[in-house]
Asker: 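One structure follows; several queries about it will come next.
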Amino acid sequence: MTEASETAVAPRVDAAEIAARQARARRLIAAAGLDGILVTQKYNYWYLTGHTSREFDKMMRPTLCLVPASGAVIPVVYAQQAKAAARLSAPATVLTYEDVPFPVPLIAEALSAAGLGRGRIGMEFGEYERLGLSIGQLRELEAAVPGVSLVDGDAVFAELRLIKTPTEIAVIREACARSLAAWDRAVPAFRPGMTNADLKRILAAELSAGGSDFDIAGHVTVGNGVHGEAPYDPGQTVWADFGGTLQGYQADVARRAVFGEPTRAHLDTHAAITAILEQEIAAIRPGIRACDVARTVSDALERAGYPPLGAKKRVGHGLGLSASEVPSLGLSDTTELRPGMVLTPEPRFNLSTGEKVHIEEVVSVTETGCERLTEGAGTLAVIA
């Protein structure tokens, strides 16, 4: 399973996929009564252009695009990124700047080129969005285009990436397969006497060796909630929450392991968390709300003798270009699940010692329930 995933040809996000996303964005723009959207947050930009540039980590060089309600997308990018920005989205116009400081009037030029000297332009002002422009740049832009109203575009952005296409689901599945293959290779290299930092370096190296994107960070967290920086002894358990990236898409899984042969207590604890995970996955289906899934987990925790889920704690979330997307599988999120959502069911509880017990899989919501994109969280790995 793991070796085959690393040698398989990965699905690709191509120009047709990007064109379909842009067409969908235009339909959302029209439905929201907007004349266009100005996209400055990296995941939204990546989604609409296929240009997964690390320039977003250089805040002195904003990267953005204008999506008119009709007409071609207009990227505004650092000059060295012009060819990459046009590779999948094939825009008629790419506006570029030489270097710092970023020329805000270039955005006004993009609006003019799109025939949007007046109108309502949606921006990423929603609760779960972040701008790729500074407040000063935003105010300068408002002054430069007095005929344009920069308004909350959350009606577009909240929906834009929520439902994954078959291509996106395939890429996420492959990112997860490569990540789990990295775990399978890392565990035999773990040894008693190693620290969390040692284990993290080994797993991170295996993620990189397995083809995780070099310029787009995945994540590796290792520990058990109580161990700190001390070396592990035989009989102790370790937990890892990790995932590599593929074409910008994130994997996000969690696994547990024990140093040496597991005791009955180890096996019983892992069986308990696995049973709760299975109940959570069984609850995921279209039409049910995110909070209903969380309630299923909370009830299962109580039946197993653990505290119920807190009002502010979630047991899963959306997954895509970001490692944490909406919805949240928490008691306060009333989002209705729909086919095409990708979710990360991840129940957890703490032992009396304070040790965190947590495993995580990835599923996609289907027309009738959900499909597992990952398997194996029910196995407690053994570190020889």
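What you see is a predicted model, and the numbers here were worked out from it, not measured in a lab.
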Asker: Write out all pairs satisfying salt bridge (Lys or Arg N to Asp or Glu O under 4.0 Å) with one or both partners inside residues 110-127, taking only residues at least two apart or from two chains.
Answerer: none

Asker: Going by salt bridge (Lys or Arg N to Asp or Glu O under 4.0 Å), name the residues that satisfy it together with Glu109, two or more places apart in sequence or in a different chain.
Answerer: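 Salt bridge (Lys or Arg N to Asp or Glu O under 4.0 Å) list for Glu109, sorted by chain: empty.
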
Asker: For Arg285, check salt bridge (Lys or Arg N to Asp or Glu O under 4.0 Å) against everything at least two apart and list the hits.
Answerer: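 None.
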
Asker: Is there side-chain contact between Leu343 and Leu337, with at least one heavy-atom pair below 4.5 Å?
Answerer: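 Contact flag for Leu343/Leu337 side chains = yes.
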
Asker: Taking C-beta and beyond as the side chain, do His358 and Asp241 meet within less than 4.5 Å on heavy atoms?
Answerer: yes

Asker: Using distance alone, with no hydrogens and no angle criterion, decide if Ser53 and Gln81 have a side-chain donor and acceptor under 3.5 Å apart.
Answerer: yes

Asker: What I want to check is whether the side chains of Thr296 and Gln279 have a donor and an acceptor closer together than 3.5 Å.
Answerer: no

Asker: Sort out for me which residue in Thr49, Leu321, Val67, Leu160 forms a side chain to side chain contact (heavy atoms under 4.5 Å, CB included) with Asn44.
Answerer: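 The passing option is Leu160.
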
Asker: Does Lys58 NZ have over 12 foreign heavy atoms under 6.0 Å away?
Answerer: yes

Asker: For Asn196 and Tyr232, does a side-chain donor sit closer than 3.5 Å to a side-chain acceptor?
Answerer: yes

Asker: We want to know whether Thr344 and His317 form a side-chain donor-acceptor pair, criterion being a heavy-atom distance below 3.5 angstrom.
Answerer: yes

Asker: Is Asn224 reaching over with its side chain to a backbone N or O of Glu355, donor-acceptor style, under 3.5 angstrom?
Answerer: no

Asker: Give a yes or no on whether the backbone of Glu229 and the side-chain of Thr195 come within a donor-acceptor separation of less than 3.5 Å.
Answerer: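 Pair absent, no side-chain N/O of Thr195 close to backbone of Glu229.
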
Asker: Given 3.5 Å as the limit, does a donor-acceptor pair link the side chain of Ser112 with the main chain of Ala108, or not?
Answerer: no

Asker: Salt bridge or not for Arg372 and Glu278, using N-O below 4.0 Å?
Answerer: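 Glu278 and Arg372: salt-bridged.
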
Asker: Under the 3.5 angstrom rule, does the side chain of Ser298 hit a backbone N or O of Ala294 as a donor-acceptor pair?
Answerer: no

Asker: Just to verify, what does Asp14 make a salt bridge (Lys or Arg N to Asp or Glu O under 4.0 Å) with, not counting sequence neighbours?
Answerer: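 In terms of salt bridge (Lys or Arg N to Asp or Glu O under 4.0 Å), with neighbours along the sequence ignored, Asp14 is linked to no residue.
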
Asker: Look at the side chain of Thr245 and the backbone N and O of Gly248, then say whether any donor-acceptor pair between them is shorter than 3.5 Å.
Answerer: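 Checked: no pair found.
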
Asker: I'd like to know if the side chain of Ser322 and the backbone of Glu325 have a donor-acceptor N/O pair within less than 3.5 Å.
Answerer: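 No.
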
Asker: Salt-bridged, Arg27 to Glu159, with N to O below 4.0 Å?
Answerer: no

Asker: Anything under 30° is parallel, anything over 60° is perpendicular, the rest tilted; go ahead and classify Phe190 against Trp183.
Answerer: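 If you compare the ring of Phe190 with that of Trp183, the planes turn out perpendicular.
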
Asker: Under the 4.5 Å side-chain heavy-atom rule for ILVMFWY, direct or indirect, which residues accompany Leu141?
Answerer: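 For the cluster that includes Leu141, the remaining residues are Leu38, Leu64, Leu66, Ile74, Val76, Tyr78, Leu95, Tyr97, Phe102, Val104, Leu106, Ile107, Leu111, Leu116, Ile121, Met123, Phe125, Leu131, Leu133, Leu138, Val145, Val148, Leu150.
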
Asker: Measure the shortest side-chain to side-chain distance between Val315 and Leu309 over non-hydrogen atoms and say whether it is less than 4.5 angstrom.
Answerer: yes

Asker: Hey, is Lys42 close enough to Asp57 for a salt bridge, meaning N to O under 4.0 Å?
Answerer: yes

Asker: Using 4.0 Å as the upper bound for N to carboxylate O, is an ion pair formed by Arg255 and Glu361?
Answerer: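 So Glu361 pairs with Arg255 through a salt bridge.
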
Asker: Taking only residues two or more places apart in sequence, or in another chain, which ones meet Arg87 in a salt bridge (Lys or Arg N to Asp or Glu O under 4.0 Å)?
Answerer: none

